[in-house]
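Per chain, numbering begins at 1; letters A, B, ... match sequence-line order.
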Amino acid sequence: MARIDVKKTYKLYIGGQFPRSESGRSYVVNDAKGNLMANAAQASRKDARDAVTAARAAFGGWSSRTAYNRSQVVYRIAEVLEGRRDQFVAELRTSEGVTSARANAAVDAAIDRLVWYAGWADKITQVVSSANPVAGPYFNISTPEPTGVVAVVAPTGPLLGLVSVVAPIITTGNTCVVIASEAHPLTSITLGEVMATSDLPGGVVNVLTGSVAEIAPWLASHMDVNGIDLTGVTDPELATSLEVAAADNLKRVRRAPDGEVDWLQTPGTDRLTDWLETKTVWHPIGI
Amino acid sequence: MTTTSASTSGAGVFDDITASDSSLRRFLHGLPGVDQVGAEARAASLGTRSIKTTAKAFAIDLAIRMVDLTTLEGQDTHGKVRALASKAMHPDPADPTCPMTAAVCVYPDMVATAKQTLGSSGVKVAAVATAFPSGRAALDIKLADTRDAVEAGADEIDMVIDRGAFLSGRYLEVYEEIVAVKEACGDAHLKIIFETGELQTYDNVRRASWLGMLAGGHFIKTSTGKVQPAATPPVTMIMLEAVRDFREQTGQMVGVKPAGGIKTTKDAIKYLVMVNEVAGPDWLDPDWFRFGASTLLNDLLMQRTKMATGRYSGPDYFTLD
Amino acid sequence: MVKVPERATPFFEYAPAPESRSIVDIKASYGLFIDGEFVDGHGKSFKTISPSSEEVLAEVAEADESDVDLAVKAARRAYSRTWGRMPGSERAKYLYRIARIIQERGRELAVLESIDNGKPIKESRDVDVPVVAAHFFYYAGWADKLSYAGLGPDPKALGVAGQVIPWNFPLLMLAWKIAPALAAGNTVVLKPAETTPLTALLFAEICQQADLPPGVVNIVTGAGATGQAIVAHPDVDKVAFTGSTDVGKAIARAVAGTKKKVTLELGGKAANIVFDDAPVDQAVEGIVNGIFFNQGHVCCAGSRLLVQESVADEVLEKLKRRMSTLRVGDPLDKNTDIGAINSAEQLAKIRELSEIGESEGGERWSPPCELPSNGFWFPPTLFTGVTQAHRIAREEIFGPVLSTLTFRTPKEAVEKANNTPYGLSAGVWTDKGSRILWMANQLRAGVVWANTFNKFDPTSPFGGYKESGFGREGGLPGLAAYLEGDR
């Protein structure tokens, strides 16, 4: 008799833990062929709130780590992901119905993207800082600091898409709450398992699965969220209403892209600089 | 009028501070720091006050009354000093309403001559003593220098501190020397010259100010006039802050005398604004603020004449001495 | 050292020293500056008054939507036909030319600014106007060096910038907006504040004098509706606003769903933190400068004094003494330190919040000072015994009112300083170097002044965290805010 395999329960990833939705809800996720793949947790507004709390709690510690340390942690995520690449290739093939070559390309790109961003952690400051020659006896420098807690609506690719939006946010010292791809959420939760075992402190990345239309407005209007990335929002009306809600506390908003994004391309630094604030410090020079 | 005993130390409450070199150092280094840039900006901003018409006339006469008309040259003669003393009494011979200066300031060997000329005019005689300007002599010589000047009739003694000792941190030595000189002064008032141009930092100016006040100086004075920079607005401001704070803590007033480099009426008025706004109007009096100067007086007189006549004057109309 | 005078010797009363206003020539009425010409608007007109005397200075056109449309069209034409195509080196020369004219006409600009805004002439003369000229000089030099800005080999201008500025630094905010926009190759439609339009209109004359091509700079005067029309105009590519956080939020909502880029420089409630080892006399100057500069009409004003408990009495004593020397009065008097409150509306707001401060238990103190009978005036005011729960510790008063709180440890100072929805600026006063750097790291604010306060320079980026807005003005980030490039 064939062995009965042990199926995984996909839950949320909040504060380094994997809780079910407090609402007790879940939704059916089918594979590319329309067969049941698993149930995903259907996060509620309270889960979103808890995730923000976790992200805020993690922000102080994460943002005050040295850039070198953050760099190593992000690189560690790449290492662990590399070790589990077969699992991700298989999940991507099942969930999205892509060829082995395409699934492998996505996993390769996701790993390489993490490595690319890991290297930025201790360089972006040097690229965007300035020593300002003010007209007076003052030492004056401007340096970037992380914006804070960033809410993200992740694009469709549950691995590469999510990595591409999350890695730059955390590399720069921010923490985030990500709403995973609604249609293909499972791989994002598996990615959460990778993060949970990669020296990444709990709460730096929090992954919610469920309805974007339901959860995103709570994040957009949340007064303890400092920025929102609308990359994965495909409905222009929803995007506009989220941007309007984000104005309540003047969140930094990254609007949804104009068209399809080719995530295989090497990105620029804009996803890093979007979540950085410039701090300028003055001090007199004298004896 | 609040009167204090003629004790030599600034106030009894400070006795512990001057008990040892280390306690004195702790106190002086515990004074709030001075940020150079901020202090200079504040002094410069006080210099932008615009003093016109009646205020200017008031300021000019006040400044004349505050001048310690000074000659401190190797080439000084009795004749030169007599001329200077006459000028101090009658700065503008053509105008009897012109006030006298506060004092003439000379080397000790010229005190008798100055005193003789000034008589009972009310113009004081100040003598620089204690191996002026370097102060590099043995203590007994400095004390003898002081006593000689006082015996010759000096009303005020302008002593120099031992900058070497100060800069090497031997504050108690500096303090004790001031106390000794003050004792040698008898009834004469003591002005303590720090030579701020050699002290280099405003922190040091503040420490020296407190050291001088603790030791019982009646005035603290910036410079000998022989070292550049001499008096500057920020240095004077730091000293005005010190006398203000000292009165706040002890109830006792100490005077301030910037000396050297103040040559124009405009400069003098800037100093008076500073006195007014930093230490307060109580210091706007020759008893509490002096200018150590020589050429300043003629510029004050020219400006005074301009205000009176409405036309610009020229140097030919004022005496050279 | 033997006596203290019973009473002050004759008081050194500074005689009035007024700057002559004959240097300025205020017209009876002003039109809109569109496409290089002054034109009549289609809307009504409004009066601008001198806040120090309530005298009507001029009638100014109120631009309606159709006027704004004309201005945007003119800007678009200038962008696509002249300015956007002009080599950067040529744009630079225009900006240098403007900078020079500002210097040449500096006294005129300063006097006009003080008349229309109410700020003391010593500030308009020594701060506003020189920094305005410096901004044009600084950004002029960028115009032909954009490829070195770190935005790729050929960064592009955004197009037409719609700019709305406040009344507290009318000409300076104009410079912060126009200089980088033009250097980057954009054209602009700018609306000065309703109560302070005159220096912007004089700037329009300076553009004419500089032969700036028509349409590159358009000045439309008006109130909130005019500003809304600029923000909402579909052909505006970039919106830059300095003003209140409430209006900033409305702008953020208005541009939602568009492709417009936005820079917002909004309110603040900065903490000015004084430690027990501070250079105390300079700290007192910094406190005074922090809250009484420009009547406290400063978004980055140090309106919350956080002083370490161990030195609180001493610092407050010195502060009160220093406040007693502040001279309130005629903005054109060269000895005036605090001028007029900009408007009756603002005065009412300051009064209201101050009364609330008192009713909530804050102890209110002002030095004795005689206020003129006409015009809008408020004495320099100090509140002690304030806690974080008081409204005067949380809300931006935008006036010469300082709220004092105390703290015991550096950590507590940081917590209190950051305990605000704003994050524009902060001040730290201590002689300990490592503590300065630690504090600078911890404070969530876009500008940290350590052992100084309220310093501005065109090379130095300025702007806030959190609800103080986003984007930076000044320096390279201020230029990048008007460019599209690959990072």
Side-chain angles (χ1 to χ4, degrees), chain A residues 60 63-64 124 127-148 220 223 226-227 230 236-253 255-256 258 267-274 276-284 286, chain C residues 130-131 134 138 150 152 245 248-259 262 264 266 282 421 423 425 428 433 436-437 440-453 455-472 474-477 480 485-487:
Chain A
S63 60
S64 57
I124 190 67
V127 171
V128 301
S129 289
S130 59
N132 309 308
V134 297
Y138 297 94
F139 174 80
N140 180 300
I141 57 162
S142 297
T143 51
E145 284 193 349
T147 295
M223 298 298 275
N226 304 105
L230 303 178
E237 273 181 38
L238 178 62
T240 301
S241 73
L242 293 175
E243 191 174 345
V244 167
D248 284 355
N249 68 336
L250 290 163
K251 289 178 186 66
R252 286 75 178 119
V253 177
R255 292 182 181 133
D258 275 341
T269 55
D270 54 336
R271 285 186 176 275
L272 295 160
T273 54
D274 278 348
L276 290 172
E277 306 288 324
T278 300
K279 177 183 277 179
T280 300
V281 180
W282 293 68
H283 196 279
Chain C
V131 179
Y138 173 75
T245 289
K249 289 178 180 177
I251 290 173
R253 288 181 195 111
V255 300
T258 71
K259 305 223 174 297
V262 187
L264 298 174
L266 310 174
Q282 287 71 53
S425 64
V428 183
I436 290 169
L437 297 177
N441 270 341
Q442 298 292 314
L443 290 165
R444 300 286 289 164
V447 183
V448 176
W449 285 295
N451 291 326
T452 186
F453 208 91
K455 293 285 179 289
F456 309 95
D457 191 275
T459 68
S460 179
F462 181 92
Y465 285 32
K466 303 194 280 186
E467 292 197 22
S468 290
F470 41 73
R472 292 293 178 270
L476 190 46
D486 320 310
R487 264 212 180 264

- line: Given A:Asn226, A:Thr147, A:Thr240, A:Asn132, the one with more heavy-atom pairs under 4.5 angstrom with chain C than any other is A:Asn132
task: Considering only heavy atoms and a distance below 4.5 Å, find which of A:Ser130, A:Gly60, A:Ser241, A:Pro133 pairs most often with chain C.
output: A:Pro133
message: So which residue, C:Ser425, C:Ala250, C:Gly469, C:Gly475, ends up with the most heavy-atom pairs under 4.5 Å with chain A?
response: C:Gly469
task: Measure the spacing between NE2 of A:His283 and OG1 of C:Thr452 and express it to the nearest 0.5 Å.
output: 9.0 Å
message: Less than 4.5 Å to any heavy atom of chain A: does that hold for the side chain of C:Ala254, its backbone, both, or neither?
response: neither
message: Under 4.5 Å from any heavy atom of chain C, what part of A:Phe139 do you find: side chain, backbone, both or neither?
response: neither
task: Would you check, one step at a time, whether the test side-chain contact (heavy atoms from CB on, under 4.5 Å) holds for A:Lys279 with C:Val448?
output: CA-CA 7 Å; A:Lys279 177 183 277 179; C:Val448 176; 4.2 Å; yes
task: Name the region of A:Ser142, side chain, backbone, both or neither, that has any atom closer than 4.5 Å to a heavy atom of chain C.
output: side chain
- prompt: Which region of A:Pro236, side chain (C-beta onward) or backbone (N, CA, C, O), has a non-hydrogen atom less than 4.5 Å from a non-hydrogen atom of chain C, or is it both or neither?
  reply: neither
Heavy-atom pair of closest approach, residues C:Gly248 and A:Leu250: O-CD2, 4.1 Å
Options C:Gln282, C:Lys259, C:Gln442, C:Lys455, ranked by heavy-atom pairs under 4.5 Å with chain A, top entry: C:Lys455
- prompt: Once you round to the nearest 0.5 Å, how far does OG1 of A:Thr280 lie from CZ of C:Phe462?
  reply: 9.5 Å
query: Quick one: what part of A:Ala239 sits under 4.5 Å from any heavy atom of chain C, side chain, backbone, both or neither?
result: neither
field: Verdict with reasoning, C:Asp457 to A:Trp282, per side-chain contact (heavy atoms from CB on, under 4.5 Å)
entry: CA-CA 11 Å; C:Asp457 191 275; A:Trp282 293 68; 3.7 Å; yes
- prompt: For A:Ser64, is it the side chain, the backbone, both or neither that has a heavy atom under 4.5 Å from a heavy atom of chain C?
  reply: neither
message: For the interface with chain A, which of C:Leu266, C:Ile251, C:Val428, C:Val255 has the highest count of heavy-atom pairs at distances below 4.5 Å?
response: C:Val255
message: For C:Leu264, which atoms come within 4.5 Å of any heavy atom of chain A: side chain, backbone, both, or neither?
response: side chain
- prompt: Any side-chain heavy-atom pair from A:Asn249 and C:Pro421 closer than 4.5 angstrom?
  reply: no
query: Between CG of C:Leu476 and OG of A:Ser129, what distance do you get to the nearest 0.5 Å?
result: 11.0 Å
- prompt: Hey, does C:Tyr465 have a side-chain heavy atom less than 4.5 Å from the side chain of A:Glu145?
  reply: yes
statement: For residues 240-253 of chain A, the salt bridge (charged side-chain N to carboxylate O under 4.0 Å, His left out) pairs (sequence neighbours left out) are A:Glu243-A:Arg255, A:Asp248-C:Arg253, A:Arg252-A:Glu277
- request: Give the member of C:Ala134, C:Gly257, C:Ala252, C:Ala450 that has the highest number of heavy-atom pairs under 4.5 Å with chain A.
  value: C:Ala450
message: Can you tell me which portion of C:Phe456 sits under 4.5 Å from chain A's heavy atoms? Options are side chain, backbone, both or neither.
response: backbone
field: Interface moiety of C:Thr258 toward chain A, non-hydrogen atoms closer than 4.5 Å
entry: both
Part of A:Asn140 lying under 4.5 Å from any heavy atom of chain C: side chain
